[in-house]
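Position 1 is the first residue of the sequence, and the numbers go up from there.
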Amino acid sequence: MAGLQQTNSEKILLSWVRQLTRNYPQVNVINFTTSWSDGLAFNALLHSHRPDLFDWNAVVSQQSPVQRLDHAFNIARQHLGIEKLLDPEDVATACPDKKSILMYVTSLFQVLPQQVTMEAIREVEMLPRHSRVTREEHIQVHHQHHYSQEVSCFTFLLSFCCSKMVVSLTYPISL
């Protein structure tokens with residue numbers, strides 16, 4: 001289960017997120033899965049950078065997780081030029097896909113201020129580690145591994161078929 005361990009890049013990214021969302025009591029980002037499913041973390045990141053774009057309290061109190069996620073993704077697209085890479089329904093789940101969340105947060109990291117303090121990094125180092133993998137995480141990793149194998153097999157077959165087609169077009173088979 002090495003894929004579930006946190007890399008240094010993830011720690012820095014998590015430190016950055018926690019630093020920017022520190023003033024939002026409803027937000028406590030401790031990972032790149034469940035901490036994002038209610039949409040508040042995405043909105044807090046955007047609001048911490050551009051509070052003029054929307055009323056934070058309205059987002060917190062009057063919207064469902066899917067609405068909050070849709071709101072954040074639309075704000076990021078309209079005002080920061082970040083494409084809507086995620087579907088709100090895919091994130092508003094019990095265990096959203098870690099790689100998808102990381103990809104989107106990295107897109108935000110590239111356009112928002114990026115100063116990360118050592119204090120924020122130390123704070124992430126002190127977060128509790130999950131020694132046991134939940135059943136959902138185990139199933140998700142298993143499915144991702146299985147899907148990866150299917151894609152690899154498909155890619156191999158596709159390249160094999162294409163190479164045979166190129167050979168037959170280059171060197172016509174004569175009977």
Please report the C-alpha distance between E10 and K98 in whole Å, then the side-chain angles of each, then the deciding distance to 0.1 Å, and finally whether the side chain to side chain contact (heavy atoms under 4.5 Å, CB included) criterion is met. CA-CA 11 Å; E10 288 176 30; K98 179 179 179 178; 3.1 Å; yes

Report the C-alpha separation of W56 and L46 in whole Å, then their side-chain angles, then the decisive distance to 0.1 Å, and conclude whether the side chain to side chain contact (heavy atoms under 4.5 Å, CB included) test is met. CA-CA 10 Å; W56 170 254; L46 296 168; over 6 Å; no

Test side chain to side chain contact (heavy atoms under 4.5 Å, CB included) on N43 and L69 and set out the steps. CA-CA 8 Å; N43 279 288; L69 288 159; over 6 Å; no

W16/L45 under side chain to side chain contact (heavy atoms under 4.5 Å, CB included): CA gap, chis, key distance, verdict: CA-CA 10 Å; W16 174 74; L45 278 176; 4.2 Å; yes

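With sequence neighbours left out, Y104 forms a side-chain contact (heavy atoms from CB on, under 4.5 Å) with F42, F73, A76, I82, L85, L86, L108. Here D87 pairs with E89, D90 under the side-chain contact (heavy atoms from CB on, under 4.5 Å) rule; sequence neighbours left out. Every side-chain contact (heavy atoms from CB on, under 4.5 Å) that T106 has, sequence neighbours left out, goes to L13, Q110.
Not one N or O on the side chain of R18 forms a donor-acceptor pair closer than 3.5 Å with the backbone of N28. Between the T21 side chain and the Y24 main chain, no donor and acceptor come within less than 3.5 Å of each other. Side-chain atoms of N31 come within 3.5 Å of backbone N or O of T34 as a donor-acceptor pair. At least one donor-acceptor pair closer than 3.5 Å links the side chain of Q67 to the backbone N or O of S64. Of the possible donor and acceptor atoms, one in the side chain of R68 sits under 3.5 Å from a partner among the backbone N and O of D38. Here the side chain of D70 pairs no donor or acceptor atom with the backbone of V66 at under 3.5 angstrom.
Here the straight-line distance linking atom NE2 of H49 with atom CG of L80 works out to 6.0 Å at 0.5 Å rounding. In this structure, OG in S48 is found 7.0 Å from CG in L112, a value given to the nearest 0.5 Å. For the atom pair CZ of R77 and OG of S107, the computed distance is 14.0 Å after rounding to the nearest 0.5 Å.
When all heavy atoms of W36 and F32 are compared, the pair lying nearest together is NE1-CA, 3.6 Å. In plain terms, the two heavy atoms of P96 and S37 that are nearest each other are CG-CB, 3.9 Å.
For the pair V105 and V17, the minimum side-chain heavy-atom distance is below 4.5 Å. The shortest distance between side-chain heavy atoms of L53 and H47 does not fall below 4.5 Å.
Under the 4.0 Å criterion applied to side-chain N and carboxylate O atoms, D97 and K99 are not assigned as salt-bridge partners.
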